[in-house]
Amino acid sequence: MNIQALLVERFKQALTELSWADAPVPVAKGNRPGFGDYQFNGAMALAKKLKQNPRDIAATILDAVKLDDVAEKLEIAGPGFINIHLKPQWLATQIKLAASNERLGVDIQSKQTVVVDYSAPNLAKEMHVGHLRSTIIGDAVVKCLEFLGHEVKRQNHMGDWGTQFGMLLAHLQDKLLQNEVAETALSDLENFYREAKVRFDSEEGFADKSREYVVRLQGGDGECLSLWQNFIDVSISHSEEVYEKLNVTLTREHVMGESAYNKDLANVITELKEKGISVEDQGAQVVFIPELADKKGNPAVYIVQKSGGGYLYATTDLAAIRYRSNVLNANRTLIFTDARQALHFKQTEIVARKAGFMNEQEQYQHCPFGMMLGKDNKPFKTRTGGTVKLVDLLDEAIERANKLVLTRSPDIEPTALKEMSHKLGIGAVKYADLSKNRTTDYVFDWDSMLSFEGNTAPYLQYAYTRIQSIFTKAGIAKGKLATDNELVITEDAEKALALQLLQLTDALQILAKEATPHVLCTYLYELASIFMRFYEACPILKEGVSGSAKQSRLMLAQHTANVLSLGLDLLGIETMQSM
RNA sequence: GCGGCGUUAGCUCAGCUGGAUAGAGCAAUUGGCUUCGAACCAAUAGGUCGGGAGUUCGAAUCUCUCACGCCGCGCCA
């Protein structure tokens, strides 16, 4: 159910009957109390075009539009707005339909195969805060797309290849020769990397040995490959631990690292050469891109093969496009990386399209995000200026939540405390990020995300548990409320809640199109606020509430809980029965 | 130099298919618990939507320009 789409459809019909079929159909949500739940704003522009009085045009449209079933009142206001007041009973009917539907009334979209490339940590090191945004924003978008009926192919484009591995493998080899177990040696990747780097910089012969390992690795040497595989396996399991802690759906099976494309890189170059797209320049293979030329006409340069014959990430990304198009049959690809790579992906798309590496109608959508800043508006770092390990950040969130829970309920059971701290802490970190516009930098601030007030995860989690307690109090088991009772809407607060509940589809559709989870966050926050207002104004279990009002309000409450639960689940945030 | 992104309340952020009086939260002030959960609600105060120009009946939203900030621009990813 999408109210706005329905209204657009009805107005389009009316405009067509009036032979204004090509006129735009601007239907917007009402922005002011008393000015309708929705408004049609097309009369003014049409009047301008036809050189007529806008209020007359509005009156004509109002006569032609068929909304008797959904609207109780249509009125012309101001210069020619048509304000639409929806029928409470129609809203009630829609709520009942949605409440008795396992998808909560959200329609399935026409199915696409969507490749989503996200998280993509570098396996040479541990995941740090820089990977947080890609991981959780990507995962929220993935879950939303799946809910809307799409076939999603998660692709974790991990950094598992490159010259740095020579040094790491040489160091690992030495450790294994000293009878250390790989898992133990690699238990702290940061330390391991640092040790290897120190040896590389200062130890006689180690740098040469490292370079030799790179050559052997690239040459497919069996011993080196198994050493590499060993390293990668351990490193991936580190990432898996973080994913699990983060409540993110990525697993080992979604790993499609850079190395997976190695065998295709030469083919990519060959094809680019054959098609005359890349040319040799200063010893390297480059693609000149006139579309991105500067004002003097100098084309942008995109290097696909180094002068020494080596490949770059551009080559790998082109190979990935071929794989996703040809093997995964992608209709659409979403890539979540930081905004600094915007130019690279723009160029990659242009080159890939010229080379025919993807179908013309295939969508290729780079979804950039801004940096995570500290409270001082500088990149988020440790006190000493180092990068913050993601596990440390998450553990701190859980620890802070733990303290907070203890101050509020000192007598809580240890197991409950542990569970709650985890859900609150992780939820707070994720929501603080997800609720902000993806594209800009954002300020990471423990105090505001864990103050648990305002637009935060705990507020939403609280709203959910508060509803659960209504049902506990009413003696109704979870999900056991009958949905075939009559639903009557009389109070303003009831109507406002019903309307908000029916706008879930809009939020999800925008999220799916723009890959912007903050739209869903805003929706859920507004829903929770509207519910709190409703609950304040409309008693449910108190003395003197009529049977029908009680049943109706319980149904609204139940559906609110279901929508909150679904929405939070799509964002990867857990709920609880009490808190 | 060229290009991308950004600049909205003291702070953190929404709003940008052009629509009526620009919204939240935090912080500030005030009111509401002999409990349907106060991690809540209600109210007050807080704005040259970076500056300027243009398009338009109408601009935070579109165009141009300037300022400031961040980022990127041939062999890192």
Side-chain angles (χ1 to χ4, degrees), chain A residues 24-28 31-32 35 39 41-42 44-45 47-48 54 77-81 83 120 122 157 159 162-164 258 281-286 288 292-296 298 300-314 316-317 337-344 346-347 368 370-371 373 375 377-379 404-405 408 424 432 435-437 439-443 445 447-449 451-456 458-459 461-463 465-470 472-474 518-519 521-522 525-526 528-529 532-533 535-543 545 550 553 557 578-579:
Chain A
V25 191
V27 174
N31 55 355
R32 207 173 297 281
F35 283 176
Q39 52 182 221
N41 297 329
M44 283 84 78
K48 180 76 182 169
F81 300 105
N83 293 341
N122 181 348
H157 195 82
T163 51
Q164 57 197 336
E258 292 172 346
D281 190 77
Q282 298 173 30
Q285 275 295 313
V286 307
F288 290 107
L292 299 175
D294 64 18
K295 280 181 181 169
K296 291 177 194 160
N298 301 316
V301 176
Y302 183 79
I303 301 180
V304 292
Q305 188 175 26
K306 295 197 266 191
S307 49
Y311 303 111
L312 304 96
Y313 74 134
T316 310
D317 281 336
T337 78
D338 72 90
R340 287 174 299 190
Q341 298 183 46
L343 177 62
H344 163 70
K346 199 174 191 175
Q347 294 177 331
M371 275 187 299
L373 306 176
K375 255 185 133 171
N377 278 317
K378 290 179 183 161
L404 212 80
V405 173
R408 288 182 187 276
L424 283 170
S435 62
K436 271 146 203 135
N437 188 333
T439 56
T440 50
D441 292 348
Y442 94 102
V443 177
D445 176 19
D447 296 329
S448 65
M449 82 178 70
S451 72
F452 293 5
E453 285 170 328
N455 190 6
T456 62
Y459 177 83
Q461 289 165 322
Y462 171 71
T465 63
R466 202 171 171 187
I467 298 172
Q468 295 314 302
S469 79
I470 296 171
T472 307
K473 178 137 186 157
H518 83 278
V519 173
C521 294
T522 303
Y525 177 62
E526 278 170 8
S529 304
M532 294 290 191
R533 240 168 279 157
Y535 195 42
E536 206 79 16
C538 302
I540 299 177
L541 303 176
K542 281 184 177 171
E543 291 285 321
V545 179
K550 180 179 166 183
R553 289 169 186 176
S578 63
M579 62 189 274

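Please read these numbers as outputs of a predicted model, since none were measured by experiment. So you know, we letter chains A, B, ... as the sequences are listed, proteins then strands, and number each from 1.
A donor N or O paired with an acceptor N or O is not found under 3.5 Å between the base of B:A20 and the side-chain atoms of A:Asn41.
Across the protein-nucleic acid pair, A:Lys378 atom NZ and B:C71 atom P stand 12 Å apart, rounded to whole Å. Atom pair A:Lys296:NZ and B:C2:C1' shows a separation of 9 Å (rounding to whole Å applied). We find that CG of A:Leu292 is positioned 12 Å from C1' of B:G72, with the value rounded to whole Å. Rounded to an integer number of Å, the gap from A:Leu373 CG to B:C5 P is 19 Å. Nucleotide B:G25 holds its C1' atom 13 Å from the CG atom of A:Asp445, rounded to whole Å.
Remark: B:U17 base-pairs with no nucleotide in the shown strands. Criterion, Watson-Crick or G-U wobble with two distances under 3.5 Å. With a cut-off of 3.5 Å on both Watson-Crick or G-U wobble distances, the partner of B:C70 is given as B:G4. Across all strands shown, B:C75 remains unpaired; no Watson-Crick or G-U wobble contact has both distances below 3.5 Å. Pairing partner, B:C49: none, since no Watson-Crick or wobble contact has both distances short of 3.5 Å. For B:C62, the paired nucleotide is B:G54, the pair qualifying as Watson-Crick or G-U wobble because both relevant distances are below 3.5 Å. For B:G10, the paired base is B:C26 (Watson-Crick or G-U wobble, both distances below 3.5 Å).
Using a cut-off of 4.0 Å between Lys/Arg side-chain N and Asp/Glu carboxylate O, A:Lys296 and A:Asp294 are scored as not salt-bridged.
A distance of 10.5 Å separates CE in A:Met371 from CG in A:Asn377, rounded to the nearest 0.5 Å. A distance of 9.0 Å separates CZ in A:Arg32 from CD in A:Gln39, rounded to the nearest 0.5 Å. How far CD1 of A:Ile470 is from CZ of A:Arg553: 11.5 Å, rounded to the nearest 0.5 Å. With rounding to the nearest 0.5 angstrom, the NZ atom of A:Lys550 is 10.0 Å from the CD1 atom of A:Ile540. In this structure, A:Tyr311 OH and A:Gln285 CD are separated by 10.0 Å, a value rounded to the nearest 0.5 Å. Remark: A:Ile467 CD1 to A:Thr472 OG1 distance equals 11.5 Å, nearest 0.5 Å.
Taking A:His518 as the reference, A:Asn437, A:Thr516, A:Thr522 meet the side-chain contact (heavy atoms from CB on, under 4.5 Å) condition, with sequence neighbours excluded. Listed by chain and number, the residues in a salt bridge (Lys or Arg N to Asp or Glu O under 4.0 Å) with A:Lys375 are A:Asp445, A:Asp447 (sequence neighbours excluded).
Counting any heavy atom pair closer than 4.0 Å across all strands shown, A:Asp317 reaches no nucleic acid atom.
Separation of the P atoms belonging to B:G58 and B:G18 is 15 Å when rounded to the nearest angstrom. With both ends at atom C1', the span from B:C36 to B:A28 equals 32 Å, rounded to whole Å. Spacing of C1' atoms, B:C62 relative to B:U17, comes out at 12 Å, to the nearest Å. Comparing B:G54 with B:C11, their P atoms sit 31 Å apart, to the nearest whole Å. Annotation: B:U8 and B:C68 have their C1' atoms spaced 16 Å apart (nearest Å). Only the C1' atoms considered, B:C49 is 10 Å distant from B:A9, to the nearest whole Å. Atom P of B:U7 sits at a distance of 12 Å from the matching atom of B:G51, rounded to the whole Å. The gap from the C1' atom of B:U61 to that of B:A42 amounts to 32 Å, rounded to the nearest Å.
When each of A:Ser529 and A:Met371 is assigned the nucleotide of RNA chain B with its nearest heavy atom, A:Ser529 is the one assigned upstream, toward the 5' end.
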Checking side-chain contact (heavy atoms from CB on, under 4.5 Å) for the pair A:Leu292/A:Tyr302: CA distance, chi angles, key distance, verdict?
CA-CA 11 Å; A:Leu292 299 175; A:Tyr302 183 79; over 6 Å; no
Step by step, work out the side-chain contact (heavy atoms from CB on, under 4.5 Å) result for A:Val405 and A:Leu424.
CA-CA 9 Å; A:Val405 173; A:Leu424 283 170; 3.6 Å; yes
What N/O pairs connect the protein and nucleotides 64-66 of chain B at under 3.5 Å? Give each pair on its own line.
none

Quick test: give all pairs of protein nitrogen or oxygen and nucleotides 35-40 of chain B nitrogen or oxygen below 3.5 Å, distance rounded to 0.1 Å.
residue : atom : partner  : partner atom : Å
B:C36   : N1   : A:Tyr535 : OH           : 3.4
B:C36   : O2   : A:Ile540 : N            : 3.3
B:C36   : O2   : A:Leu541 : N            : 2.9
B:C36   : N3   : A:Ile540 : N            : 3.4
B:C36   : N4   : A:Tyr535 : O            : 2.3
B:G37   : O2'  : A:Tyr462 : OH           : 2.6
B:G37   : O2'  : A:Arg466 : NE           : 2.9
B:G37   : N7   : A:Ser469 : OG           : 2.5
B:G37   : N1   : A:Met579 : O            : 3.0
B:G37   : N2   : A:Met579 : O            : 3.0
B:A38   : OP2  : A:Arg466 : NH2          : 2.5
B:C40   : O2'  : A:Arg466 : NH1          : 3.2

Restricting both atoms to N or O, compile the protein contacts to nucleotides 73-77 of chain B shorter than 3.5 Å, with distance only.
residue : atom : partner  : partner atom : Å
B:C75   : O2   : A:Ser307 : N            : 2.7
B:C75   : O2   : A:Ser307 : OG           : 3.4
B:C75   : N3   : A:Ser307 : OG           : 3.3
B:C75   : N4   : A:Gln282 : O            : 2.9
B:C76   : OP2  : A:Lys306 : NZ           : 3.0
B:A77   : OP2  : A:Tyr313 : N            : 3.3
B:A77   : O3'  : A:Glu258 : OE2          : 2.5
B:A77   : N7   : A:Tyr313 : OH           : 3.3
B:A77   : N6   : A:Tyr313 : OH           : 2.3
B:A77   : N1   : A:Tyr313 : OH           : 3.4

Using the 3.5 Å cut-off, write out each protein N or O paired with an N or O of nucleotides 9-15 of chain B and the distance between them.
residue : atom : partner  : partner atom : Å
B:C13   : OP1  : A:Val443 : N            : 2.9
B:A14   : OP1  : A:Asn437 : N            : 2.5
B:G15   : OP1  : A:His518 : NE2          : 3.1

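Screening A:Glu526, A:Arg533, A:Met532 against A:Ser529 for a side-chain contact (heavy atoms from CB on, under 4.5 Å) leaves a single residue, A:Arg533.
At B:U21, none of the side-chain N or O atoms of A:Arg32 fall inside 4.0 Å of OP1 or OP2 (strictly under the cut-off).
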